[in-house]
Structure formats: structure tokens, C-alpha cells
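Everything on this sheet refers to the single structure shown next.
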Amino acid sequence: MTHWIIAPVVLPALLAPFIVLAARYHIGIQRVFSVAGVLALISVAAGLAWQASDGTITLYQLGDWAAPFGIVLVADRLSTLMVLLTAVLALFVLLYAIGSEWDNRGRHFHALFQFQLMGIMGAFLTGDLFNLFVFFEVLLIASYGLMIHSGGNARLRAGVQYVLFNLLGSTLFLFALGAIYAEAGTLNMADLAQRVRLIDGAETVGIRLAAVLLLLVFAIKAAVLPLHFWLPSSYAEAPAPVAALFAIMTKVGAYAIIRVYTMIFSPDLDVTAGLHTTWLMPAALASLATGMIGVLAARHLDRLVAFAVIGSMGMVMVAISLFTPTSITAALYYTVHSTLAAAALFLIVDLVRTGRADLNLIAQPVVPGAALTSALFFLAAIAMAGLPPLSGFVGKLLVLDAAFSTSAAAWIWAVVLSSSLICVVGFSRAGSTLFWKAKSMPVTEEATESPDATPAAPATLSYVAVGGLLTLLVAHTVFAGPATAYMADISDQLFNPEPYIETVLDTPGKLSTPKEGY
């Protein structure tokens, strides 16, 4: 057993209270420790991903208590990929927050940022459904604090809406856990995967209900239609670095669906047969279409990007709902792409905000740094719309290829292609209005009066952060072959869960075997 698995959870959990207690009034010290912590997270995450790359599944038993009685963290290819993606994203988001001084507009940004990382890392590494719920709650608390960072009535209203929707999801999650425990007597994922298959066919009502409730909970987290209403306002009103970090949070819902519905409620399980294609597929297609129509209809740049996130999650869920090794490969590749593209766009929105009166999609005078900002917007828009040559195009090709031989191929191809065209039109309209039409207009004093911006050009560090995310997108395209091959290895491991189950349940520890009468 290696202790490195728990480091991505413990490190931010220790760093956050240290920042509050020892550096509460010293923003410079907060920045140093926060960046150092994220760099350490990247190192640990890279090491865990390297260790898992050959198929090794590593287990950590808290207190040396064996599963299913103890809490376990499990590092396999999928979990380590998501942990590494989160850590790398956090670095660029943090650099932007420092460069733009968003972190200095409230006292506890860095502490909340670390708590947020703790929740995300724990959700990806946990091997227990109840602890998945716990880490979801850590996410909810920290994300609400980050959402209302720097204040404002609009942010407060959006934050309340965000909390209410997610509390609804938490309530459903508890109901699902209660139903699962009543039926199977365990919440450990590996143990549950074995016990669900032993449930008598005539007594499956409880476990079917639990499977549906879990799907609803994860769909809320992933902002799948019709459970997406919380996202547009929440992401649009949140501070730019917070919204960029939130790009990974919807992926937590997608990750949970992949994990639970390949290991516990697998597609070949009679108890939940048809749940994926009957319910998830139509919702995913509707999310994709609605998100891209929202991009076309948006009148504010921040809401345009928020709807693009809904559309990109619809694309991910379309691939997931097919539940084949090929489709999960496509979903994972597109997940990495959409996380980086959405984060870059939210940061670019803040660059556009600098020096403007508002984010309305109307022609306004040119502001400092507009040339570089427009170039970054052009690249990020191409990526999000799925145009060649960037990774969005590759990801959509993988999704279309995975759907080609299915019965829903015609619907999937029609919705994906038409929504892509709508997205291109929406981003083209926004870009031409913001940057091209503004060229002939002189700079006015009113154009630089904004409560959330300064008339000066954005800091160099802000551009470095956005450029870093776009560089990763280019790398994701250039190395699409090796990346897709690795995603295929992840998919193969997911559809062959026996090694995972054996590692979790057969590793000795305290109470390795149940005592008589336990």
C-alpha cells in the first residue's frame, strides 16, 4: 500500500486551514503557498498516473481497515487521469487569478480554492459511494464560497440557485444510498458490484430505484437536460477563475456515471437493462442541441460560454450513453478537450471584460490588448465549436465513429452535425461583434468604466495562463493518436472490472474477513 494516493486529498486539506490561520492578511504568502501546493499536486498526480499507466491498480486503506468495512481510495487509469487533469487546470486558473488579482478581491479565495481541489480529488479517487457523497458536499460548500467571492447581488442570487439545485441532488443521493444499503448491505463500489449480481430477479425494485436516483444525481452534477437550469447563471455570474475551475466540476458527474455504470450497474446487467439508452441518450442529445442553440441566442458573452459548456457536456453524455468501449474512449478524449476549452473561454471572457462597459454582444470601442485577446478567442472558439484542426474536431469524429454502427446513429449524427453548425454561427457572431465591428469605433472614457475591470490592458500573467490552456489543447490535438490509445486502455480497464474488484476486496488489512456475527 502506498501513501501517495491520499496526498492529492490531504495536501489541499492541510494547506487550506494553514492559509486561513497563518496567512489570512498576507496575500503574497497565500499566493506562494497556493501555487506551491498546486505544483506539488501536479507532481503527485503525474506520479500516480505514471504508476497506473501500465494497468496497475493501487489501493489505499485508511487506518489499514480492509474493504468493505473501511474507507478506501483507489488509483487506476481513469481516476489518475482525472486527478492529473484537475491539477494541471488548477495551476493555470490560479495563475490567472493572481495575474488579474481576482484573488485579492476577497480574503479567503486561496483557502476555498484548496478546499475545492480537495473535494474534486477525493471524488475521483474514492472507492466508496458514501464518501463520494461526502466529497460532493465538500465541493458544494467550497464552490458556493468561491461563487460569491468579491460579492455582488447577481452573484449571490446565482449562488443561492446553485446551492438549491445541488442540495436537491444531495437529497436524492442520500435516498439512493439508503436504497442501495437496504438492498445490498454495502456501499463499497467493488463489494457492491458483486452483490448486485446476486440479487434475485423478483426483488429488484429497490436496486432499480437506486440506479435511477443515482443517474438523476449525477445528471444534475453534469448539467444534463432537463436538470441544467442551475448552470447558465451560476457559471456566468461566477468570477472568471472560479468559472474556469468549474469546468472540471461537471466532469465529476460524467466520471461518476462512467464509474458506477460500468462497474456496478453495467450495461449487461439485467437489473438496469435499458437505463442508459432509454433515458440517458435522449437527454444527452437534448442537452447538446439546447446548449448550442443557447450559444446562438445568447446576448452576453459569459452566458454564451456557459451554454457552450452545456452543449459540450451533452456531447460527452452522448458518447457515454452508448456504453461501449469505443464510445467511452471517445467520451474520455472529449472530456479532456472540453475541460481545457471551456476553462480557456471563461478566462478569455474576463480578458474581454477588461476595459468594457459590459459583456453585451454589441459593438463597443476597442480596448487595450484587444488584438491578442481576439486571437485567443478565435482559437478557443474553434476548439469549442469542433472545427479542424484542433482537438474538438478529433473528439467529435471519435463520437460519430462510435455511434456509426448503433441503431441511433442517424439521430446522433444529425444532432451533432447540426449543433456544430449552430455553434460555429454563434461564436462567429460573437467574435465579429466584439472584435471586428469594434475596430472602427474610437475608445471612449465610458468604455472603461466597469466595477469589475480596469482600463489598463490585462496583466501578462493572465495571457500566460490562457495561452497555457490553449497550448495544452494544441498538444491534445498533436498527440491525438497516443492520447486516444491511452483512453482506449482506460476503457478496456473499465469494462473489465475484475482486477479492480479483486484489488479492493482481496488486499489484507484489519477485519480482512468478516467476524462471526459481525
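Along the sequence shown, the residues carry numbers beginning at 1.
In this structure, Val309 and Phe346 have side chains that are in contact, with non-hydrogen atoms separated by less than 4.5 Å. Side-chain contact between Leu472 and Val336: absent, with no pair of heavy atoms (C-beta onward) separated by less than 4.5 Å. The shortest distance between side-chain heavy atoms of Phe135 and Met121 does not fall below 4.5 Å. Counting only heavy atoms from C-beta outward, the side chains of Leu39 and Val35 approach each other to under 4.5 Å. Contact annotation: the side chain of Tyr333 never approaches that of Tyr486 to less than 4.5 Å [non-hydrogen atoms, C-beta and beyond]. Using a 4.5 Å heavy-atom threshold, the side chains of Val44 and Trp4 count as touching. Using a 4.5 Å heavy-atom cutoff, the side chains of Leu494 and Arg259 are in contact. Using a 4.5 Å cut-off on side-chain heavy atoms (C-beta onward), Leu129 and Ile264 make contact.
A distance of 8.5 Å separates CD1 in Ile220 from OG in Ser170, rounded to the nearest 0.5 Å. To the nearest 0.5 Å, the span separating CD1 on Ile120 from CG on Leu245 amounts to 5.0 Å. The structure places CG of Leu84 at 11.0 Å from CG of Leu89, a figure rounded to the nearest 0.5 Å. Residue Leu347 holds its CG atom at 8.5 Å from OG of Ser462, rounded to the nearest 0.5 Å. With values rounded to the nearest 0.5 angstrom, Thr80 atom OG1 is found 7.0 Å from Leu48 atom CG. Rounded to the nearest 0.5 angstrom, Leu340 CG and Ile248 CD1 are separated by 8.5 Å.
Pairing each heavy atom of Val217 with each of Gly169, the nearest pair is CG2-O, 3.4 Å. The two residues Met281 and Ser321 come nearest to each other via the heavy atoms CE-OG, 3.1 Å. Minimum heavy-atom separation, Thr126 to Met189: O-CE, 4.0 Å. Shortest non-hydrogen contact noted between Ile29 and Ala23 is CG2-CB, 3.7 Å. Between Ala344 and Val466, the shortest heavy-atom distance links the atoms O-CG1, 4.4 Å. In terms of heavy atoms, Tyr334 sits closest to Ser312 at CE2-O, 3.7 Å.
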Check your understanding: Would Phe173 and Phe218 count as a side-chain contact (heavy atoms from CB on, under 4.5 Å) if you check the C-alpha gap in whole Å, the side-chain angles of each, and the deciding distance to 0.1 Å?
Key -> CA-CA 9 Å; Phe173 205 165; Phe218 300 150; 4.2 Å; yes

Exercise for review: Using the side-chain contact (heavy atoms from CB on, under 4.5 Å) rule, take Val399 and Val316 through it: C-alpha gap first, then chi angles, then the decisive distance, then the call.
Suggested key: CA-CA 9 Å; Val399 174; Val316 171; over 6 Å; no

Review point. Gln114 and Leu14: side-chain contact (heavy atoms from CB on, under 4.5 Å), yes or no, with the steps?
Key: CA-CA 9 Å; Gln114 295 298 324; Leu14 295 177; over 6 Å; no

Practice item. Decide side chain to side chain donor-acceptor pair (under 3.5 Å) for Gln161 and Ser234; before the verdict, give the C-alpha distance in whole Å, the side-chain angles of both, and the deciding distance to 0.1 Å. Key: CA-CA 8 Å; Gln161 181 187 39; Ser234 300; 4.6 Å; no

Point to revise | Phe113 vs His110, ring-ring contact (aromatic ring centres under 6.0 Å, His included): CA-CA, chis, key distance, verdict | key: CA-CA 5 Å; Phe113 191 89; His110 289 283; 7.2 Å; no

Exercise for review: Give the C-alpha distance, both sets of side-chain angles, the deciding distance and a yes or no for side-chain contact (heavy atoms from CB on, under 4.5 Å) between Trp102 and Asp350.
Suggested key: CA-CA 10 Å; Trp102 266 109; Asp350 196 58; 3.1 Å; yes

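Checked by atom type and distance alone, the side chain of Ser391 never pairs as donor or acceptor with a backbone atom of Thr477 at under 3.5 Å. Remark: side-chain polar atoms of His337 are paired, donor with acceptor, to backbone N or O of Ala383 under 3.5 angstrom. The closest donor-acceptor contact from the side chain of Gln30 to the backbone of Ile19 lies at 3.5 Å or more, if one exists at all. Counting only distance, with no hydrogens or angles, the side chain of Arg77 and the backbone of Ser53 share a donor-acceptor pair below 3.5 Å. A donor-acceptor distance shorter than 3.5 angstrom exists from the side chain of Tyr255 to the backbone of Phe124, with no hydrogens or angles considered. Side chain of Ser287 to main chain of Leu225: a donor-acceptor pair is present (N/O by atom type, distance under 3.5 Å, no hydrogens or angles). Under the 3.5 Å distance criterion, the side-chain polar atoms of Lys251 are matched with a main-chain donor or acceptor of Ala247.
With sequence neighbours left out, Ile57 forms a side chain to side chain contact (heavy atoms under 4.5 Å, CB included) with Val74, Asp76, Gln493, Pro499, Tyr500, Thr503.
Results of the side chain to side chain contact (heavy atoms under 4.5 Å, CB included) test with Met487 over Ile328, Leu332, Thr335, Asp492 single out Leu332 as the only residue that passes.
A tilted orientation is assigned to the rings of His149 and Phe109, their planes being inclined by 30° to 60°. Ring planes of Phe229 and Phe165: tilted class, angle from 30 to 60°. Classified by interplanar angle (parallel below 30°, tilted 30° to 60°, perpendicular above 60°), the ring pair His3/Tyr60 is perpendicular.
Around the OH atom of Tyr144, the shell of radius 6.0 Å holds more than 12 heavy atoms that belong to other residues, nucleotides or ligands. Heavy-atom contacts from other residues, nucleotides or ligands closer than 6.0 Å to CZ of Phe18 number more than 12. In the displayed structure, Phe33 atom CZ is contacted under 6.0 Å by at most 12 heavy atoms of other residues, nucleotides or ligands.
With 3.5 Å as the limit, one finds no donor-acceptor pair spanning the side chains of Asn188 and Thr186.
Legend: salt bridge (Lys or Arg N to Asp or Glu O under 4.0 Å) pairs involving residues 127-141, not counting sequence neighbours: none detected. Annotation: salt bridge (Lys or Arg N to Asp or Glu O under 4.0 Å) contacts involving residues 172-199, sequence neighbours excluded, comprise Asp191-Arg195.
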